[in-house]
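Everything on this sheet refers to the single structure shown next.
When a ligand or atom number is given, it counts from 1 through the structure's own listing order.
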Amino acid sequence: MSTTVENRGQFGSKIGFILSAAGSAVGLGNIWKFPGKAYNCGGGAFLIIYILMVVFIGTTVMLGEFVIGRKTQKNAIGAIRELNAKYSWIGGLGVLTGFIILCYYCQVGGWTIKYIVGYITEVSTIYADPMAYFLNNLLGADRFPVQGAIIYPLIFIFLTAFIISRGVAEGIEKMSKILMPLLFIVLIGLTIRSCTLPGADAGLAYMLHFDASTINANAFLVALGQAFFSLSLGMGVMITYASYLSKDENLVSNTGIVCFLDTCVALLAGFMIIPAVFATGIDPGMGGGFAFATLAGVFMSIPGGTIFGCLFYFLLFFAAVTSSTSILEGTVAFLVEEKGMERKKTVVVVSIVLFIIGIFYTLSQAHMNLKGIWISREGISYPIFGDFMEYLTDRLLLPLGALTTTIFAGWIWGTENAIKEATSDGKYKFALAPVWAFLLRIVAPIAIAIIIIAGMFLGMSIS
Ligand code: TRP
């Protein structure tokens, strides 16, 4: 065990905590992943299922993580160990999940940097054929995707690792005070523009049309995994954040605010990107072009679009960094505090490994049209890592982490303790406490378990 556990700071203000928690939650999950899922799962009906998942399960799990963290004032693993040592493996599961997420998160994070540069240096090439630009530069088309898989992800990983190893996360938090609200404003502006493009009404109709035939087990599965991913739940990140909170904070209202903000950003992104897909006729397909290729049509149509493009990708990059650092910190803290490894060395080793594994993500995105677990190209076979990583984290590991968290908080530590902590020992009113207890003990675990099991039978469609 090393030092850091003693001498822990606390968030000086409510807004500081909300910004960090929301900073972790708002990221590529909202802006790059969510619109793709909504598009592939049928639009309007999926939005409703998603919102239900956030309201009934997301908030329940988030408050569960918050109470565990603040009660113990420890990182995820230490917290669970303190409450009941038999269950500390739950924290270990979270570390594994975070590591796998980071492998592909940093690849796509790198793509945002490519687009910042692209909008500065070669905007006319982007405008000429947005999809070709995306495919040629990031996914490599016929060549090995050097930029998309190596150069830009490496820059992104380096920045994430630098922030974590130097412990400059505080500076990032200060910047989020300005940049996160700015992201919100820019998103609103772009959403309005996108929805008013000629031809966008078909996209709006798609997003607002409730088509019951698109409701199926897969949509529930995708919505649940996406909700956990987007809210940063299921791997103890929120346990760690709440461990820095004082008893004066109202955990219940914080839960509401963070879930609300995160969901607003996801919905805005959906209404920014899907109408643009219809208006521009760029179908980003499955290869991850959402939030990249499709938006060119929006920027093209506004005066000073180049500047907005640049600003947008900078803000997206920033949102991605505040998320990637929250995940890497979890992995590193585990290895340092639990395994006694040295911090800087740990950061370097973890970064190198996740970089190497991540390469396969972009490689497999470049070959999405190939089916099967293994693909062969020029004599080399490799698994479709991209699908597999998302499948593993969104369908299995995050729900499993959330399931164990709810069972732990609801049954092992107990709802009485949990409610006591949620209300700061009765200081705050929590009228819905019995509802939450019921959701935590019964509804959430059963719903999550059903969905995990269903997921195993539904096979590997991850759309
Ligand atoms: N929520 C972030 C996003 O939407 C990603 C993320 C950060 C995350 N920390 C996490 C996902 C912890 C799951 C668990 O981009």
Side-chain angles (χ1 to χ4, degrees), residues 19-38 50 53-54 57-58 61-62 64-66 69 75-77 90-91 93-112 156 160 163-164 169 172 176 180 183 187 222-242 258-270 288 290-291 315-334 354 389-390 392-405:
L19 275 171
S20 316
S24 162
V26 173
L28 297 169
N30 307 58
I31 295 170
W32 164 74
K33 254 188 179 203
F34 180 80
K37 310 266 172 204
Y50 181 76
M53 289 296 176
V54 171
I57 304 195
V61 177
M62 187 177 286
E65 292 204 8
F66 279 171
N75 75 57
I77 298 154
I90 297 177
L93 180 77
V95 170
L96 173 72
T97 316
F99 178 79
I100 301 174
I101 290 178
L102 266 186
C103 293
Y104 67 86
Y105 207 86
C106 290
Q107 292 280 314
V108 182
W111 301 354
T112 64
F156 189 87
T160 302
I163 291 165
I164 290 303
I172 301 293
S176 4
M180 296 305 280
L183 173 66
L187 274 179
V222 172
L224 185 76
Q226 173 64 23
F228 289 147
F229 187 94
S230 189
L231 297 167
S232 298
L233 297 175
M235 49 164 285
V237 164
M238 292 302 176
I239 295 182
T240 308
Y241 273 128
V258 174
C259 290
F260 178 75
L261 287 177
D262 186 75
T263 305
C264 283
V265 173
L267 292 176
L268 270 176
F290 288 95
L315 293 170
L316 182 57
F317 156 76
F318 184 80
V321 169
T322 55
S323 302
S324 64
T325 47
S326 82
I327 310 178
L328 183 61
E329 175 59 33
T331 307
V332 170
F334 170 74
L354 77 89
M389 285 182 216
E390 274 200 74
L392 208 57
T393 57
D394 293 15
R395 285 204 165 193
L396 191 62
L397 296 175
L398 289 177
L400 213 52
L403 178 68
T404 46
T405 309

Number the atoms of ligand 1 from 1 as they appear, then name those within less than 4.0 Å of a heavy atom of I101, with their elements. 13 (C)
Regarding ligand 1, does V237 bring an N or O atom to under 3.5 Å of one of the ligand's N or O atoms? no
Suppose I only count heavy atoms of S230 and a 4.0 Å limit; which atoms of ligand 1 are within that range? 1 (N), 4 (O)
Using distance alone, determine whether V26 and ligand 1 share an N or O pair under 3.5 Å. no
S24 heavy atom under 4.0 Å from ligand 1: yes
Is there a donor-acceptor contact under 3.5 Å from the side chain of T322 to the main chain of S20? no
N or O pair under 3.5 Å between L231 and ligand 1: no
Parallel, tilted or perpendicular: ring planes of F229 versus Y105, cut at 30 and 60 degrees: tilted
May I ask whether W32 places a heavy atom under 4.0 Å from ligand 1? no
Taking only heavy atoms of M235, which atoms of ligand 1 are found under 4.0 Å from at least one of them? 12 (C), 14 (C)
State the CG-CG distance between L19 and L261, to the nearest 0.5 angstrom. 9.0 Å
Is it the case that ligand 1 has an N or O less than 3.5 angstrom from some N or O of G29? yes
Residues V54 and A227: closest non-hydrogen pair is CG2-CB, 4.1 Å
Taking non-hydrogen atoms only, is S326 closer than 4.0 angstrom to ligand 1 via side chain, backbone, both or neither? side chain
I want to check something: taking the side chain as every heavy atom from C-beta on, are M238 and Y241 in contact at a cut-off of under 4.5 Å? yes
Between M62 and L231 the two heavy atoms that sit nearest each other are CE-O, 3.7 Å
